[in-house]
Every structure is written in C-alpha cells, then in structure tokens.
Amino acid sequence: MNILMNVLSGCVVAFLFGVVVFVHELGHFLAARWLGFRVDAFAIGFGPALWRRKIGATEYRINAIPLGGYVALPQLDPSGMDKMQGTHDGDQPAEQLPDIAAWKRIVVSIAGPFGNIVLAVILAWVIATFAPAAATRALDTRVGYVDENSEAWDAGLREDQRLLKVNNHAVRSWDDFIIEAHLAANAGELVTLTVAETNGVTRTLQVPLVQRDELRLVEGVLPMDACYVGSVIEESPAEAAGVQAKDQIVSVNGAPVLCNEAFSRTVEKNGEKPLVLTVLRAGQELTLDVTPRYDAQEKRALIGVRYKPFEKRPPMWMKHRGAMAQISSDAGAVFRILQAVTAPTVDGERKRAATSVGGPVVLLAALWMAVKEGVWICLGLMRLICVNLAIINLLPFPVLDGGHIMFALWEIITRRKPHPKVVAALVNVFAILLIGLMLLLVFKDSWGMAVRKWGNKSAAQTNQVERVEQEPPEAP
C-alpha cells in the first residue's frame with residue numbers, strides 16, 4: 001500500500017511541476033504565435049521524447065526528464081537553447097528566416113514569466129477565498145517566552161517585546177525572524193536585534209547564534225502563541241477549579257499568558273499559592289481560582305492539566321491570507337536571497353545564502369512533502385515555485401528569458417544587433433555555467449539528504465530508541 005501511495009504521490013508531483021512549466025512555456029508559445037514567430041517545438045521536460053507529434057510546423061513533445069521545458073523559437077534563439085534542450089535531432093533545415101522586431105522578442109521573452117505570475121495570482125486567490133483559516137497562519141514577532149538560563153535572557157530579551165529587525169533587516173513575522181537570523185551570522189557570532197518594549201521604546205541587543213540542525217538561530221526564545229488545555233487530570237487542582245479541556249488560558253493573576261512555556265514558568269515560580277486564571281471557553285471569559293499542589297515526582301507545584309498539542313503550523317509560504325500579500329511575500333523571499341548573494345550587507349552573508357539555496361532535488365522533495373501534507377499547502381508551494389520561476393527567468397543572463405530581453409534592448413538602444421559571435425560565445429559560456437550549477441545543486445542536495453538519512457538512522461540504532469506516539473506531557 002505504501003508503495004502504491006508513493007507511486008501516486010510521485011505522479012502527482014510530476015504533474016504539478018509539469019503544470020508550472022507548461023504555463024511558462026505556454027506564455028512564450030501564445031505570444032510567439034500571436035506575433036508571427038515560427039515555432040519549431042513545444043516541449044515539456046528535457047532529454048529523449050516519451051511522446052511527440054508534429055502539427056503543422058511545430059513538434060509537440062513530452063520528454064523523459066520532467067525538470068523544465070522549452071519552446072524552440074529560431075527567430076529568438078537560433079542556436080543557444082539547442083545546447084541546453086536537445087530540441088532538434090539535427091534535421092532542422094538551415095534557412096534564413098525573416099527578422100523579428102526587437103520589441104516583439106521582448107514581449108515573447110516576458111510572456112513566459114508573465115504566465116507563471118498569472119497562475120500564481122490564480123492560486124493565491126483560490127487559497128485566499130476557499131482555504132480553511134488554519135491553512136494560512138503566521139505568528140507575529142511578539143516574544144512569548146525567553147529561557148532565563150539562555151544568553152538571550154542575559155542580553156536583555158524578554159517576553160512581550162516585539163522583534164523589529166535583525167542586523168537592520170526588518171522582520172514582520174516569526175518566520176522572517178528565523179530566516180534573517182539564519183542569514184545574519186555564523187554559529188557563535190553575535191547578531192543585533194532591534195526590539196520594541198510594550199511602552200513603544202526601541203532597544204538594540206546583541207545575541208549569539210547557535211547551530212541547530214541546518215539552522216542558525218537564537219536559542220531559548222519562542223513566539224507568542226495561544227495556550228490551550230488538552231485534558232484535565234482527574235482529582236487535580238485544575239479539575240476542582242472547573243478547568244476544562246479546550247479552555248484557552250488567557251491570563252494568570254491578571255498577567256497575559258503568552259505561550260505554554262511562559263505559563264509553566266509562572267506556575268512553577270508561584271509554588272502552592274492560589275492563582276486566578278482567566279480562561280476563554282466557547283467565546284466567553286471565565287475567572288477560576290486554582291491552588292497548585294506540589295508533586296513529589298516532578299518536584300514542583302502543578303495544577304494538573306495537559307496542554308493541547310500544538311496544531312502544526314503551516315509552512316513559511318502559507319503565512320499570509322490575502323492574495324496579494326501571498327505574492328508579495330513570495331517575491332520578497334526570492335529578492336532577499338538574490339540581495340544576499342549579490343550585495344551582502346554583512347561578512348559571510350553571501351556564502352550563507354548560497355549554501356541555503358536548493359536545486360531541483362530539494363524542489364521536487366518539497367513538492368513531494370507538500371502533496372502528502374494536503375491540497376492547500378501543495379497549491380501554496382506551486383504558487384511560490386511560479387513566482388520563483390518568473391523572477392529567476394528574468395535575470396539578465398544569456399539562455400534565460402532576461403538574456404533575450406537584454407540583447408533586444410541593446411538592439412533598440414544602439415540601433416544595431418549584437419554581433420552573432422559575441423552572442424554565441426556568451427550563450428555557450430552561460431549554458432555551461434547553468435548546466436554546471438544544476439549538476440552541483442543536484443549533487444549537493446542529494447549528498448545532504450543521504451547524510452541526514454544516514455545520520456538519523458545511525459543515531460536511532462545507537463540509542464535503540466523506538467518512536468512511539470505518546471500522550472502530551474503533563475503541564476503545571
């Protein structure tokens with residue numbers, strides 16, 4: 001059964017990625033037909049053809065490697081992309097084709113990325129209109145908990161402060177904070193946090209980063225999140241006080257409860273003195289008096305509840321509800337990485353950003369996981385891929401759409417075409433660089449996944465730990 005599900009998931013991944021590529025190439029194709037270009041081929045994928053059919057002057061193909069696609073337009077790109085695509089089998093007749101105006105070549109080049117943006121906007125609208133509320137959720141930058149034994153606490157970071165910047169880069173969500181901290185410095189180095197106190201006063205703090213798995217982060221700090229009761233232990237102080245499952249603990253002794261961990265620490269510090277809880281139940285606030293009882297096994301006072309397990313937060317690309325906010329966030333993430341690579345603001349930022357970039361393997365793996373997570377996460381990732389593909393293709397490099405635009409602009413500005421030998425040389429160089437980059441990313445991603453899988457398996461065998469599903473731990 002698992003094999004069948006994996007096969008089906010693989011087919012869905014190939015189909016969804018094919019849709020993204022198809023829309024991109026369809027944009028080129030429709031614009032080229034409209035403006036009178038000759039279209040030699042319209043293909044999804046690279047490599048040998050699994051299916052082909054020639055209709056008129058155009059050959060339509062589905063190729064074996066579903067990691068891209070192309071529209072063969074000899075009047076736009078007479079030779080360059082053939083090196084990348086393997087479009088023709090050597091039977092393309094060498095003939096002089098009518099010249100196409102530079103502005104038309106720009107329109108055709110832009111049409112592919114434009115098709116991706118159109119699809120991204122449609123997907124964003126579908127998510128904004130029909131997705132359940134839980135599918136799109138982001139935590140803001142309000143701090144919910146700081147471990148008193150952490151270096152963040154020593155630096156002055158406290159609950160209820162709001163994170164504004166990391167090394168002068170603004171953060172608007174907790175996900176932004178994670179990304180900026182990851183890019184800001186190496187493990188053990190200090191980052192500068194700008195925070196706002198509850199009274200509006202801003203402060204700057206310097207906090208070291210630690211390495212946790214593949215991320216560099218500020219340790220001992222958690223975001224503000226709701227504190228829900230999962231279950232109440234029988235004959236406990238909480239049961240006697242009337243606390244019920246699904247209650248949201250809003251405040252304790254008049255102080256707001258910012259997250260589970262903060263509430264736990266408050267109860268632990270309180271000891272066996274009475275507490276006044278404000279809980280939200282079915283939309284109504286109730287006040288309950290509860291006196292914690294010392295537990296000899298836990299060696300602390302408890303009220304006898306278990307927290308409701310955290311609902312799994314949606315991934316970073318699902319943090320916005322509004323359609324335009326989704327698109328803006330996707331584009332902002334791409335431009336942030338490009339800025340870090342091309343114009344880093346701190347030492348080492350370029351390297352950290354470059355090592356964080358994933359290639360085709362990571363992309364397909366993420367899409368695979370999204371398919372298993374559910375339709376909304378899957379559609380959101382497709383939207384993100386569309387925006388990525390549109391922006392990357394508009395970079396001014398030969399063999400990309402942006403390269404064709406630059407050549408056409410050169411012709412418009414100088415009133416003469418760039419020399420064919422110069423164009424051919426640039427295309428050859430960048431084709432080799434692009435192929436090399438793709439191979440490097442495939443190797444890096446595959447090696448990284450293999451190392452993580454081997455490491456996890458080795459650790460499991462060493463510790464002889466069986467992973468079992470357990471009831472959530474008891475909270476104070």
Side-chain angles (χ1 to χ4, degrees), residues 138-225 256 258-262 264-266 268-269 310 313 315-317 319 329 331-358 362 444 448 451-452 455:
L139 300 178
D140 69 12
T141 60
R142 192 174 169 191
V143 177
Y145 172 79
V146 183
D147 186 346
E148 293 184 356
N149 296 316
S150 68
E151 292 183 277
W153 179 277
D154 294 338
L157 193 63
R158 296 291 184 269
E159 287 94 349
D160 221 12
Q161 291 175 339
R162 191 176 297 276
L163 295 161
L164 302 178
K165 295 180 181 179
V166 178
N167 279 4
N168 290 323
H169 288 283
V171 293
R172 296 177 178 84
S173 70
W174 200 262
D175 289 332
D176 290 347
F177 169 57
I178 293 173
I179 293 172
E180 290 300 337
H182 178 69
L183 294 175
N186 297 321
E189 296 178 348
L190 296 174
V191 294
T192 300
L193 305 182
T194 303
V195 301
E197 305 280 3
T198 53
N199 59 7
V201 176
T202 60
R203 300 175 55 203
T204 57
L205 315 170
Q206 288 199 313
V207 183
L209 296 181
V210 297
Q211 188 80 35
R212 290 291 177 263
D213 297 326
E214 296 181 348
L215 284 176
R216 289 171 291 275
L217 47 82
V218 178
E219 193 168 44
V221 181
L222 296 172
M224 183 188 73
D225 204 356
L258 302 180
C259 65
N260 293 354
E261 289 78 5
S264 294
R265 185 172 62 193
T266 298
E268 183 174 355
K269 284 186 172 183
F310 281 119
R313 272 197 290 148
M316 291 183 177
W317 61 82
K319 61 187 177 184
S329 177
V334 179
F335 286 125
R336 177 66 183 95
I337 293 297
L338 291 175
Q339 178 267 312
V341 172
T342 59
T345 56
V346 294
D347 291 341
E349 187 178 49
R350 177 183 288 115
K351 181 178 179 180
R352 291 188 291 272
T355 55
S356 300
V357 173
V362 166
K444 179 180 82 74
V451 168
R452 286 193 297 273

Separation between CG (D175) and CG (D140), nearest 0.5 Å, reads 11.5 Å
Between L164 and T202, the two heavy atoms sitting closest are CD1-CG2, 3.8 Å
Taken in chain and number order and not counting sequence neighbours, the residues that satisfy salt bridge (Lys or Arg N to Asp or Glu O under 4.0 Å) with D347 are none
Distance col, row L183:CG vs I178:CD1, nearest 0.5 angstrom, shows 12.0 Å
Taken in chain and number order and not counting sequence neighbours, the residues that satisfy salt bridge (Lys or Arg N to Asp or Glu O under 4.0 Å) with K319 are D176
Side chains of Q206 and V191, heavy atoms from C-beta outward: is any pair under 4.5 Å?
no
Note: E349 and P344 closest approach over all heavy atoms is OE1-CA, 3.0 Å
Heavy atoms of A152 and V218 approach each other most closely as CB-CG1, 4.0 Å
(Q) I'd like to check V143 versus L163 (side-chain heavy atoms, cut-off strictly below 4.5 Å). Are they in contact? (A) yes
A262 and G144 have their tightest heavy-atom pair at CB-O, 3.5 Å
Correct closest heavy-atom pair for F177 and V166 would be CD1-CG2, 3.7 Å
When rounded to the nearest 0.5 Å, the distance separating OG1 of T204 from CG of L193 is 9.5 Å
Rounded to the nearest 0.5 angstrom, the CD-CG distance for E189 and L209 is 8.0 Å
query = Do any N or O atoms from the side chain of R203 and from the backbone of E197 form a donor-acceptor pair under 3.5 angstrom?
reply = no
Contact between M316 and I179 at the side-chain level, heavy atoms closer than 4.5 Å - yes or no?
yes
So side chain to side chain donor-acceptor pair (under 3.5 Å) across residues 143-155, not counting sequence neighbours, yields E148-K269
Here the gap from M224 atom CE to L139 atom CG, rounded to the nearest 0.5 Å, amounts to 8.0 Å
Tightest non-hydrogen contact, residues P208 and L190, listed as N-CD2, 3.5 Å
Are R352 and N186 linked by a side-chain donor-acceptor pair shorter than 3.5 Å? yes
**OP:** Look at atom CZ of R336 and say whether more than 12 heavy atoms of other residues, nucleotides or ligands are closer to it than 6.0 Å.
**Re:** yes
Does T345 reach the side chain of N168, with side-chain heavy atoms less than 4.5 Å apart? no
Which of K165, R172, R162 passes side-chain contact (heavy atoms from CB on, under 4.5 Å) with T141? Answer is R162
